[in-house]
Amino acid sequence: MTYHKAKKVVIIAEKMLSEKICRIIDASGARGYTVVPAGGRGAHHKHYTSERASVVDDFATVRIEVVVNNKTTAEEIGNQVVEQCFDKYSGIVYLEDVEVLRPGKFGGK
Amino acid sequence: MTYHKAKKVVIIAEKMLSEKICRIIDASGARGYTVVPAGGRGAHHKHYTSERASVVDDFATVRIEVVVNNKTTAEEIGNQVVEQCFDKYSGIVYLEDVEVLRPGKFGGK
Amino acid sequence: MTYHKAKKVVIIAEKMLSEKICRIIDASGARGYTVVPAGGRGAHHKHYTSERASVVDDFATVRIEVVVNNKTTAEEIGNQVVEQCFDKYSGIVYLEDVEVLRPGKFGGK
Amino acid sequence: MDFLADFFIRFLVQFQSPTLGFLIGGMLIAALGSKLKIPNPIYQFVVFMLLMKIGLNGGIEIREANLFAMALPAFFSILIGLAIVRVGIAIFGLLPGVNSADGFATAGLFGAVSASTLAVAIVMLEEEAIAFEAWAPALYPFMDIPALILAIVMANIHMKKEENGGGEVDVNVWGIVKESLRGSALSALLLGLALGLFTNSGSVLESFYEPLFRGFLSILMLIMGMEAYDRIKELRSVAHWYAIYAGFAPLLHGLIAFGLGYIAHLLVGFSPGGVIILSVIASSNSDISGPPTLRAGIPSANPSSYIGASTSVGTPVAIAVAIPLFIALAQIVFDI
Amino acid sequence: MDFLADFFIRFLVQFQSPTLGFLIGGMLIAALGSKLKIPNPIYQFVVFMLLMKIGLNGGIEIREANLFAMALPAFFSILIGLAIVRVGIAIFGLLPGVNSADGFATAGLFGAVSASTLAVAIVMLEEEAIAFEAWAPALYPFMDIPALILAIVMANIHMKKEENGGGEVDVNVWGIVKESLRGSALSALLLGLALGLFTNSGSVLESFYEPLFRGFLSILMLIMGMEAYDRIKELRSVAHWYAIYAGFAPLLHGLIAFGLGYIAHLLVGFSPGGVIILSVIASSNSDISGPPTLRAGIPSANPSSYIGASTSVGTPVAIAVAIPLFIALAQIVFDI
Amino acid sequence: MDFLADFFIRFLVQFQSPTLGFLIGGMLIAALGSKLKIPNPIYQFVVFMLLMKIGLNGGIEIREANLFAMALPAFFSILIGLAIVRVGIAIFGLLPGVNSADGFATAGLFGAVSASTLAVAIVMLEEEAIAFEAWAPALYPFMDIPALILAIVMANIHMKKEENGGGEVDVNVWGIVKESLRGSALSALLLGLALGLFTNSGSVLESFYEPLFRGFLSILMLIMGMEAYDRIKELRSVAHWYAIYAGFAPLLHGLIAFGLGYIAHLLVGFSPGGVIILSVIASSNSDISGPPTLRAGIPSANPSSYIGASTSVGTPVAIAVAIPLFIALAQIVFDI
Ligand SMILES: Nc1ncnc2c1ncn2[C@@H]1O[C@H](COP(=O)(O)O)[C@@H](O)[C@H]1O
Ligand SMILES: Nc1ncnc2c1ncn2[C@@H]1O[C@H](COP(=O)(O)O)[C@@H](O)[C@H]1O
Ligand SMILES: Nc1ncnc2c1ncn2[C@@H]1O[C@H](COP(=O)(O)O)[C@@H](O)[C@H]1O
Ligand code: NA
Ligand code: NA
Ligand code: NA
């Protein structure tokens, strides 16, 4: 089996944005994504992990990762998320190089 | 302290496969792995994160990451997982370049 | 929008160390970090994920990731964590190359 | 005519039961897009509590029971489990556009048993003051396990045939039995039975598991209702046959069991309440342990088809239609 | 003078209430750095249990209620919600160093309603054996939703004006209503009301939701106490005006409501207990559904300012000061 | 001879206790590979509920207690905690193949106290209708904290000596005290005590914490049983001495405490039930707060050795052997 170059986009954002972000990802042509509940601290304020009772659950953060088989789609997802979500809400986006087997599974437009 | 090149393998799979995948990792000579419960959407269907009551818990997904100090072991783990698990069940695998301190901790065969 | 090179540090450690590690990160000049509860196996012993009742919760592990906009800060965080925490406790650290939009958000000293 | 009128009145009255109310309420708020969610750890704990209570109760009362009387109903349970699967596979074989692996898995799931449906039946019988044998809920594994085994074995024989024109098929039957017994639902039930049988657990049952039973059941119904609605989307993405099967199969299966239960009533004095329990077990379809067992045993089957059919249609029909139906039927047949 | 002495005695006695004890205990152990934590799934479940109980109770008793009597208090609730927001925005507009978006959001949060404060009031009234209309807790959404809508609409108009000198502002009012009703707190309350109204849920209420109510409330208070302390740090990072506002606003809002409640008492016989409930609803500030709605509706507001003010100051004041105050006031005014 | 026969009968009868049943049941289903799991949030909540109940109960009854009577047992508790650690360290020092850090940590863990074992003892005494001083469970920290401190201090002195031939050792004793008191178990116990003492918490205790106590204890026992089995693998990977020590130490420690408790009985009228509580506290080993404190204080010790020994052997022996043993012993010695 051979490994093929691909791109991963990681988005860390408030939980309440996750639906919107997933719609952006779906629209980009990516074939899937993975979501993990997270906590953390950023420029604005501290977010608790989902383990501890927190009166405002929606302010917890999630970490979403998407692997796509080309750079353009990855950058496009990143751009869209920053434009549509991160002008007003907290969050970060970054890209990484990865290698995948079966690149067909990771479609991009 | 100096940083040494190493490889990370990330596997996202149905929870029910996690034991089998951990056995593959152990057999590869890797010295450890980290597991995080996850949710997501893939080619087949949507998986909920473990936070929400889901009647079928075993269908949630996990994200497993393994750092090993050479490319061959990493690729071998990826190949084994795809061959033994992902013909029938859902999941993805990808590799990444990382840099580690103390490479001795990340044995490979 | 253009993407800029940056570094990510990932630290996997026992939960009880997380406060100390967050202090190291804050001191480094990084602008934020993200924490995810994890389980896993390492050189020493097995850690359960936080889903399963475990009599000793503090021994669960966490995965902390920090994105900073320069290599030196990243390496410095890694060095500090290994020196101050991992002589006695279990854990691993690794660095990765990432690309970010808005590099100003990821300060380093 | 009188029968039907009588039947419909009894049937409608049960719709005021809070248990059904929570089920329907769950569907409703999911449909309205409510963000209310019951956390997963609570769900797992609720299921544990219900099965532990059913187990403890059975274990304590079984001590005085004549277990020989259980032999025939247990045998019938095995028979019913196997029959449901065979009939289901035959039906799906005739339907166009149904993937064969999906058909095997769906038939297996409907042959297997739902712990939550069983819990509802127990509460409903208590409400109606209809007695049943303490060991009746313990018929569960006798129907559940054979059904799962048969479905997996037949699926594997079929796959092998398609791949290489037949030949040796080795399915690890003992592995399936073990996996079923180890599942969280059956484990809790059997542990409860053992504790009820061997320890003085009467006081903890009465002070804790018993009083919380109906309340936790109401919460489970809420969850089942929300899931039922959520899974409809998945169900829509597969052939309609699954939904149609899931709509009528619970009633058919329950009727088969009612017939055999009636025979057991005549032969060994199986109580009317026991006959209802047997019918409900048959009409239920597995929601907790069945799906992972089938996922492992028939990996090529698409979970969306069998889980969608079961959670969105089969379970609501079993709870909201089959249980009141078989209670009403028994009340008329046995004149209770 | 007699009034004041009497008042203080009544007031102090209530500090021995275990409910307040758990709240203060929670603050204390958080301040002492305790690692005790109540897991998040338990918190979510506790909130569900409390609201489901309040809902079921209301639903069951509303059956016999004369709902026309509800019209005036409901209308007053809307009025109060709107007034609180307008007054709040006016106050913050006068204060120096207050970001306008933050002011709008804080005013909205204090106009909205806290389910936990409401639950405490219900327990306190039961302890004091003061009766209230079964539908009184259902006044909650009548005050909550208009307040949130008004705050969000006014904030958006203001932002638009600043950006482009006014012009069309379109705020999705129906969207805010839907989002409020779909929030986990209101969903649970309304579901409970519906189940109480339409099903025979009396037995499950009595056997499960009712007996666990006070215990779960004690746990909720512990959590609120710990959160109150934890958020103080966040509150410190913003202008002091939020804390000052949060300290006196609950009393002011409660007094406005008490006055209108008194009028309803004279006009339509609104009970003294109902007047207390109305006052407490007004003095409370939303902790569960309000913050996410405001976060979505006024994204430029900094959550630290409004959540800090509400959780660390507003809620403790509403629970520990406003509830005993309005009970004592009612006892004197209505001579009960 | 009569004594022994009598003793064994009393001892065996207690094996039918549901509490022990759940413990053994937990081990059994873990050994059989069951997938049943109690979610972590439920476990944390169960522990909170148990300790809050013990605390509230103590706090309420302490009001009327003569606290001077507590002085001698409290002093003895400190003594016992210190003695257990010294003796334990001496024993491990003599054993071959035992890493010294691991020995210090294990001795510390067995000197410290288990909240769950204490809860079982309280239930068992209630079942046997043996009275004890309301403050007896509050002896817990008097034994727990000194034991942890001594173990950590001695370990650090030892390490320093090995590293640089002695010299200044500075261990933050006050830090250890604080960390112990802040741990989730002691926090809940002390918070409960304070609330019981200062608020009218009788009603919430009676309506919530009290009735759920035995049921939640049964769930805790199930978890402890499953963990005991799971940790055996870890225990196997370390020297056998830990298991051997863990098997007899609970009895030895309990006997020491029984002796001192007897003296307190003679001197200040410490009740037989109190003597049993003291013995059980001594024979227990810390499962919740001890391990993290030791992990922080003696980082070079391998948690597998001390947690394995404690969870897999020490706790089951303390619960299943020591508690019935000391009850039976007290029944004979005090003729109750
Ligand atoms: N430099 C960073 N590295 C990793 N995660 C970050 C970083 N900055 C922010 N985050 C995550 O993004 C969330 C929101 O950040 P912010 O928008 O800065 O408030 C935080 O809660 C963190 O989880
Ligand atoms: N392109 C992707 N990027 C990230 N995660 C993915 C991707 N595709 C699939 N996954 C994850 O892998 C799981 C199974 O995917 P699948 O095999 O496509 O059903 C999903 O639930 C996702 O969590
Ligand atoms: N090679 C590895 N790859 C990924 N995670 C690891 C690796 N080694 C250790 N870990 C994680 O680090 C934790 C502590 O490891 P250790 O210090 O080796 O006991 C483990 O529980 C794992 O979660
Ligand atoms: Na069935
Ligand atoms: Na308000
Ligand atoms: Na001890």
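Note that the structure is predicted; figures quoted are calculated from it, not measured. Naming: A, B, ... by sequence-line order, numbering from 1 per chain.
Inter-residue side-chain proximity for A/Ile12 and C/Tyr33 is flagged as unmet; no heavy-atom pair is nearer than 4.5 Å.
Scanning both residues, A/Pro37 and C/Pro37, for their nearest heavy atoms gives O-CD, 4.1 Å.
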- request: In sequence, state the C-alpha distance, the side-chain angles, and the governing distance for A/Arg41 and C/Asp26, and then conclude on side-chain contact (heavy atoms from CB on, under 4.5 Å).
  value: CA-CA 10 Å; A/Arg41 198 185 60 73; C/Asp26 285 341; 2.7 Å; yes

- request: Walk me through it: do A/Tyr94 and C/Glu65 pass the test side-chain hydrogen bond (donor to acceptor under 3.5 Å, both in side chains)?
  value: CA-CA 12 Å; A/Tyr94 58 82; C/Glu65 66 181 72; 2.3 Å; yes

Please set out all donor-acceptor pairs under 3.5 angstrom arising from side-chain atoms of residues 97-104 of chain C, sequence neighbours excluded.
residue	atom	partner	partner atom	Å
C/Asp97	OD1	C/Lys7	NZ	3.0
C/Glu99	OE2	A/Lys7	NZ	2.5
C/Arg102	NH2	A/Gly91	O	3.4

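Among the candidates C/Val62, C/Thr34, C/Val67, the residue making the largest number of heavy-atom pairs closer than 4.5 Å to chain A is C/Thr34.
Between atom CG of residue A/Leu95 and atom NE2 of residue C/His4 there is a gap of 11.5 Å, rounded to the nearest 0.5 Å.
Only the side chain of A/Val82 comes within contact range of chain C, with heavy atoms under 4.5 Å apart.
Applying the salt bridge (charged side-chain N to carboxylate O under 4.0 Å, His left out) rule to A/Lys71 yields the partners A/Glu75; only residues at least two apart in sequence or on another chain are considered.
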